[in-house]
Every structure is written in structure tokens, then in C-alpha cells.
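Only one structure is covered here, and it is reproduced in the block below.
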Amino acid sequence: MVRATGRRTDRVVHGQESIRVALLIPTHALPPLSYVLPDRLSSGVRPGTVVVAPLSGRSRLGVVVGPDPQPGRAWEEISSVQNGLSVPPDLLEACLRISESYAVPLPTVLRATFPPGLDAGRFLVVRPDTDWSWEAGSVVSRAEIKRALGPDGLRAAEAGGQVSLSPAVPERKTVEWSVVRGGAEPDLGRAPRQREVLEALKDRGGALPSAALLSRTGAARSVLRELARRGAISLVRRPEPAPLFETSGGGEEEVEPFRRDAGRAVGRGGPFVWRLPTGEQPDAVAAVARAAVEEGEQALILAPEREAVDRLVRHLHRALPPGHTVAAYHGGLGRDRGAVHAAVRDGQVSVVVGTRAAALLPLARPGAFCVVDEPDGSHRAEAGYEGLPVHTRDVAFARGRAEGAAVVCLSPVPSLRLFAAGGRTRVGELPPRPPAEWPSVRIVDMRGSGSVLSSTLLDACRRIAAGGRRVGVIVDRLGYAAVVTCNRCGAVRRCPGCDAPLASHDGSRLLACSRCGLRESDEGRCAECGSDRLSPAGSAVERVREGLAEALGEPVGLITAGRRELDDASVVAGTARCVLREGWDAVVIPDVDSSLRASGLGATERSFRLIYRAAEVASDLLLVQTRAPGHHALLAAARGDYEALVASEVPLLRAAGYPPFAHLAVASLHGPEEKVLFAVESRLRPAVEAGVEVSDPVGVARAGRPPFWRVLIRARRPDPVARAAALVARIAAGTHGLRARVEVDPEEV
DNA sequence: AGCACGCCGACT
DNA sequence: GTCGGCGTGCTC
């Protein structure tokens with residue numbers, strides 16, 4: 001079921017011609033360059049082939065992107081072809097598209113398809129000088145050559161072809177393997193233990209790491225030594241095996257209800273969204289994976305975190321029928337990561353589950369991509385940090401299109417941008433599945449109350465704790481800081497300078513701005529309604545925990561990403577991510593307003609999602625305290641009514657010109673003000689296409705750190721936005737002292 | 001005049 | 001990313 005798309009990449013490049021090569025230097029400043037492809041190297045070179053090419057007299061690794069559209073400029077020759085590393089042409093196609101659409105340098109995107117830890121600083125000695133200490137054929141590091149020959153000597157040796165860049169993946173640790181020897185078998189009639197071990201080894205294909213064989217059979221090492229002495233097996237050192245798991249089956253029945261819809265999506269191909277309860281996601285994933293492997297294809301499952309990846313691997317182990325191979329791929333694998341990469345690329349793995357670092361893993365036979373917990377923020381790296389600032393959902397969409405595979409996004413509350421016709425990608429919807437159960441929901445109106453914890457909340461906690469059951473309390477802010485709100489209208493006291501909410505720390509009478517560090521006293525009136533009844537609200541997790549413990553007269557647990565204390569207490573406070581990972585009898589959100597009053601792109605969605613997910617993990621009761629009891633997102637979420645959210649929010653996205661109806665890019669410029677202003681006003685603004693709006697740079701002050709400037713770029717169509725974003729990045733890359741981070745169609749602003 | 005430093009653009 | 005060219009400005 002391979003549907004080749006091949007826009008410009010399926011032609012074979014051959015003959016003494018020139019080709020375009022994207023050198024793997026992660027910068028916006030360097031476009032693909034033209035090189036001559038000498039005849040002796042031309043066989044097998046196609047788009048996606050990895051080559052070594054010189055730049056300023058230095059060997060660089062690069063990827064062939066296609067034939068040279070304007071031959072004649074190329075002068076330098078490709079110096080070698082690295083066949084083992086090449087990127088599949090369809091995946092290259094997806095990389096080109098991602099680079100263009102999201103203003104990420106092509107080398108950065110291509111790098112993400114490569115095996116981890118690739119060492120591009122090693123040289124093969126081809127023709128050594130008589131006075132060199134290395135023999136022909138040996139591999140030496142750049143540093144060592146530089147030390148012996150000096151920088152000029154290295155360059156001369158490179159230019160003269162005496163050494164050639166020879167990148168390699170890190171060597172695997174070797175371990176002892178037991179391998180069955182062919183030929184006459186010794187008589188093991190009187191050695192049942194040896195016979196048993198030999199049979200077990202033959203069952204597993206005749207080769208197994210000795211440690212695994214021994215633990216599988218429970219035999220002692222002496223048994224292996226004896227078998228080796230008799231010539232039945234040999235003990236050899238081989239690379240450690242990759243952590244691949246054979247499926248066992250046994251849990252396939254639960255997958256059955258999902259198979260028809262998953263099969264339809266995988267059979268048809270293209271992007272899909274599937275709304276189903278969070279708890280049903282693992283079986284839906286299994287159904288998608290199964291549909292792909294039954295076609296003889298591979299599935300790539302993308303989950304937000306390592307733990308979720310490992311859980312899914314364990315689930316698939318049982319949920320898929322026997323005879324398939326599952327593997328995890330994420331940063332926690334260490335040196336095993338390279339081995340999994342190779343196994344996936346060679347097609348030995350049927351289903352690979354990974355974090356966003358796996359989004360561009362090359363697959364031998366791509367069949368389905370599946371994005372688990374699609375709206376989770378961890379699916380996208382922050383701009384400026386490691387990883388692509390592109391949501392894995394969008395990476396998967398680009399791949400699905402280029403590689404002819406289905407993409408299925410799973411969540412009970414998917415990103416709204418998937419539900420709007422006319423976006424970047426037309427997304428099909430699989431029949432949604434309603435929540436399996438829904439708790440009773442209690443909305444406590446906190447208007448007119450200055451307290452943080454209502455008596456209703458405390459009574460509910462007492463009642464549930466008394467029954468030996470558990471309450472999870474969601475407080476999505478660390479530490480003790482609290483904002484100040486008006487008791488009458490609920491407005492938040494904001495910093496006059498930068499509009500960020502002012503926070504009080506440790507109960508002091510002083511308010512501080514977390515952004516610019518401004519301090520002022522907490523006296524005064526509400527800027528909205530003039531009321532003088534202001535009180536701290538939006539308490540952070542430590543304060544709520546203390547308040548609860550005091551009011552309930554018993555210890556309260558704490559779960560955050562960094563800390564875990566008394567987590568078996570009957571009442572446990574924690575951040576949303578931690579509380580939502582577990583199941584509770586009741587879930588309490590004492591300050592849902594801290595989420596509801598947030599503004600900007602994605603804020604309402606996020607609030608809805610928080611409340612909805614809280615209801616999912618609460619088996620009996622969801623209790624929410626608010627000063628906005630009529631808020632439409634709150635009411636819809638309390639009913640579990642996603643359609644209502646779509647109906648109310650999608651028109652707002654359209655009216656506000658937010659994705660997917662229009663497109664925007666956020667550029668953060670770090671550097672002195674005059675350079676920022678010059679770059680934006682004199683270079684960016686005059687150069688953008690018609691229909692592209694560029695905002696004035698807005699300074700963002702940060703306590704203790706130099707400020708930066710933010711520029712919003714918007715337009716109706718996606719491509720001009722991406723081109724303008726790439727332009728700012730290029731301008732900044734070519735301006736000393738100016739650095740830019742750009743993010744196209746961010747999830748939130 | 002001679003030299004150090006930092007910015008800018010080229011590199012295919 | 002990395003290097004060399006060149007302008008600015010300082011010192012002998």
C-alpha cells in the first residue's frame with residue numbers, strides 16, 4: 001500500500017552532473033550548495049543520499065536534496081558517499097516540507113532523522129605520508145590529526161584526499177553470545193541439562209546473548225562451557241542486542257472494538273482525529289498498530305513522555321498478536337537508542353513507540369503514525385531548545401502525506417485547530433467514543449468569599465477521606481506565590497508596566513511582578529470595578545497543601561514533577577500533570593480561575609481540557625471552585641460536552657485570525673534594542689510579501705535576565721508566514737549580537 | 001605607519 | 001559553522 005507522492009525527489013541523479021547538497025550545519029544562513037558529482041561516485045546517489053563535501057577546505061557531512069536547478073556554479077566535487085546513513089527519499093520530502101512550513105533550518109530537520117550520537121569527527125586514513133604514525137585504513141579523530149599535523153596539515157591532507165571524513169555511529173558494547181555450530185552434534189543423551197539449553201538456543205534462532213540464555217533456562221555457566229567444549233556451540237563476542245520485544249498476545253480481545261475504525265483509517269490513509277476516552281487510548285493505539293502490521297507495514301506511535309512510551313510498549317506486548325516486534329525510542333535509552341534506530345530503519349521492528357525525539361525516525365515500510373494525547377504540550381519542543389519547535393502531530397501529518405501513510409491523533413479533547421475546515425490540513429474524524437463514566441460535578445461559587453478553601457470543599461474532602469478513599473487536589477502552580485483578585489468581580493491585580501499578574505510571596509504584604517521585578521504594596525482598589533475587597537487567590541500548591549492540612553487536621557500529600565511526599569495520604573495536592581496521571585475517588589480544583597482567566601491563543605481550550613481530564617480521573621466527584629460559575633468553557637467541560645466547545649470556540653478562532661483559519665509566527669529576538677528595531681523595521685518589514693502583517697517589537701522584561709523583543713507575524717496563508725519567519729531568522733543569523741527564535745503556528749501565545 | 005579587534009559576508 | 005577581509009581606532 002505504498003502511495004508514492006514523489007514531488008521532486010524520486011528521480012535518480014546520475015552522470016557527471018551537479019547536485020544540491022544540504023550540509024548538516026544547523027543554521028538559517030546557509031542554503032543547500034551545488035557540487036559536482038564525479039562519475040566514479042554517481043551510482044546509487046539519489047535525493048536523500050548522505051555525502052561528504054568540502055566547504056572552505058573542510059569536509060562536511062551533507063544530504064543530497066536533488067539535482068542542481070542552475071548547473072554551472074558548482075566547482076567543488078563531492079568527496080565520498082556514505083551509503084549506510086541515507087535518508088529515505090519520502091522522508092526527505094517530508095523534511096523539506098517541514099523545514100519550509102515551520103521555518104526550521106533544513107539541516108536541523110535532517111539531523112533529527114539521523115542515528116543519535118553520530119560521530120562526524122572521524123577520518124579514514126586513505127594514503128598516509130611516510131612520516132605519519134597511522135596506517136592506511138585506520139580511523140583517527142579530527143583532534144588527533146590536528147595535534148599531529150596542525151590545522152593546515154589537516155586541511156592539506158583533506159584537500160589531497162589523503163584522509164577522508166568517515167562518520168560512524170557509536171560502537172555497541174559487545175557481550176558474549178552463544179551460537180549453535182552447524183555440523184555433527186555431540187551425543188547429549190546423558191546430559192539432559194545441556195540438551196535442554198541447546199534446544200532453547202535453537203528455538204531462539206540459534207544465537208542469543210549468553211546471559212539471556214542462562215536466565216531463560218535457569219542453567220549455570222558451566223553448562224555453556226561444557227557445550228562449547230563439546231563443539232555444540234561457540235561462545236563469541238558480539239554487539240549487545242537492541243532492546244526489541246516480541247509480542248506475546250493475550251490481550252487482543254480488548255482491542256476488538258477499535259479495529260474496524262482503525263482499519264478504515266489505515267486503509268484509506270491521510271490524517272485523522274479520533275476522540276475517545278483517555279483510558280481507551282492504549283487499545284486504540286494497538287488497533288492502529290495492528291492494522292498497519294497486518295498490511296506488512298510499520299507503525300510509529302508518538303507519546304508525550306517517556307513513561308507513557310514505556311507503558312504503551314508494555315501494553316502493545318500483550319495487545320498485539322504474537323510474532324511482532326515492539327520497541328521504545330526515547331532519550332532514556334542511552335546507548336541502546338542507536339541500535340533501536342538501526343532496527344527500525346532496517347524494518348526489524350513492526351511497531352516503534354517514542355517521544356517527540358522519534359518523530360522523524362526513518363521507517364523501512366511506513367504504514368501508520370499515531371499521536372497519543374495529541375494536545376499535550378510535550379509534543380512540541382520549545383523554540384531555542386533541543387528538538388524541533390514543531391508539534392509531532394504536524395511532523396506526522398507531513399510524513400503521512402509524503403510517505404503515503406495514515407496519521408491518527410488520539411485524545412478525548414483534541415486541539416481545536418484540527419476541527420476547522422480550511423486549515424493547513426484537512427483532517428478526517430473517526431467516530432468519537434463517549435466517556436465511559438462521568439462523575440457528579442459540583443461547581444462552587446466563590447464570589448463574595450475571601451477564603452481559598454470553601455466549606456463545601458473541606459466537607460467533601462472529609463467525607464471521602466473518612467470513607468478510606470482518595471482526593472486529588474489540582475493546583476497548577478508551584479511554591480507559595482498567590483495572585484491578588486477582586487472578590488467582587490474576579491479581576492486580577494496586574495503589573496502596571498508589563499501586565500503580568502502581581503504575586504504575593506510567603507504571605508507578605510508586598511506584591512511582586514514575576515516578569516519585571518516591580519514591587520508594590522497590596523493596598524488599593526480593583527482597576528476594573530473599584531471595589532476595595534481584594535484578596536489573595538490562585539494559591540500555589542504548597543500553600544493549598546498547608547491550608548488543607550490545617551483545616552482537615554491531617555497530613556496532606558504532595559505530588560509535583562520534582563517532589564513526592566506522603567503520596568498515599570487520603571488527600572494529595574499536586575500539579576495537573578501529576579494528579580491527572582492517577583485515578584481518584586474525587587478530584588478538586590480549588591482555583592480553576594487561574595486557568596480560566598488566562599488569555600490568548602489556546603487558553604480556553606486548555607481550561608476546558610484541564611476540567612475534562614480531571615473529570616476523567618475522578619470516579620465519584622469533581623469539585624471546582626470559581627468566581628466565574630457561568631463561564632461557558634467551565635460549564636461545557638463539566639458536562640463533558642466537547643461539541644459545545646467546538647461550537648463556541650471555533651468561530652472565535654476564525655474571527656481572531658488564529659490557526660488554522662489564518663497563520664502566525666512568533667519571533668523572539670534577543671539582543672540590543674537598536675539592532676532589534678533595525679532588523680525588524682529596516683530589513684524584515686520592507687521585505688515581507690503582501691498580506692503579511694508584522695507587529696511592532698514588544699519588549700518582554702524578565703526578572704534578573706536581559707529583556708527580549710517579541711514580534712508577531714500573521715497572514716491568511718501559511719507559506720508567506722513561514723517565509724517571513726525564516727527571513728527574520730536569517731536576518732538575525734547574519735547580524736552579530738542578535739539571536740532569533742521563531743515558532744510558526746504555536747499552540748499557545 | 002603598524003597593529004589589534006570586531007563586524008560582515010562568503011563559502012558551492 | 002568558520003574563516004578571512006577590512007574598517008575603526010589605538011599605539012609607537
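Lettering follows sequence order; numbering is per chain, from 1. Quick caveat, the model's predicted, so the values are computed rather than measured.
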What does nucleotides 7-12 of chain B look like as a protein-contact string, B for base, S for sugar-phosphate only, - for none, at under 4.0 angstrom between heavy atoms? -B--BB
Would you grab the first and last nucleotide of DNA chain C (5' to 3') that comes under 4.0 Å of any non-hydrogen atom in chain A? dG1(C) to dT2(C)
Just jot down the ring pair (Phe, Tyr, Trp, His ring centres under 6.0 Å) partners of H379(A), sequence neighbours excluded, or say none. H391(A)
Which ring-ring contact (aromatic ring centres under 6.0 Å, His included) pairs, counting each pair once, include a residue from residues 669-702 of chain A, with sequence neighbours left out? H670(A)-F708(A)
Could I get the full list of salt bridge (charged side-chain N to carboxylate O under 4.0 Å, His left out) partners for D68(A), not counting sequence neighbours? none
Taking salt bridge (charged side-chain N to carboxylate O under 4.0 Å, His left out) as the cut-off, I'd like each qualifying pair that reaches into residues 668-677 of chain A, sequence neighbours left out, listed once. none
Any ring-ring contact (aromatic ring centres under 6.0 Å, His included) involving residues 22-75 of chain A? Give me the pairs, sequence neighbours left out, ordered by first then second residue. none
What side-chain hydrogen bond (donor to acceptor under 3.5 Å, both in side chains) pairs are there with at least one residue in residues 366-376 of chain A, not counting sequence neighbours? Q281(A)-D373(A), E374(A)-R393(A), E374(A)-S415(A), D376(A)-S378(A), D376(A)-R577(A)
What residues, two or more places apart in sequence or in another chain, satisfy side-chain contact (heavy atoms from CB on, under 4.5 Å) together with E144(A)? W134(A), V140(A), S141(A), R147(A)
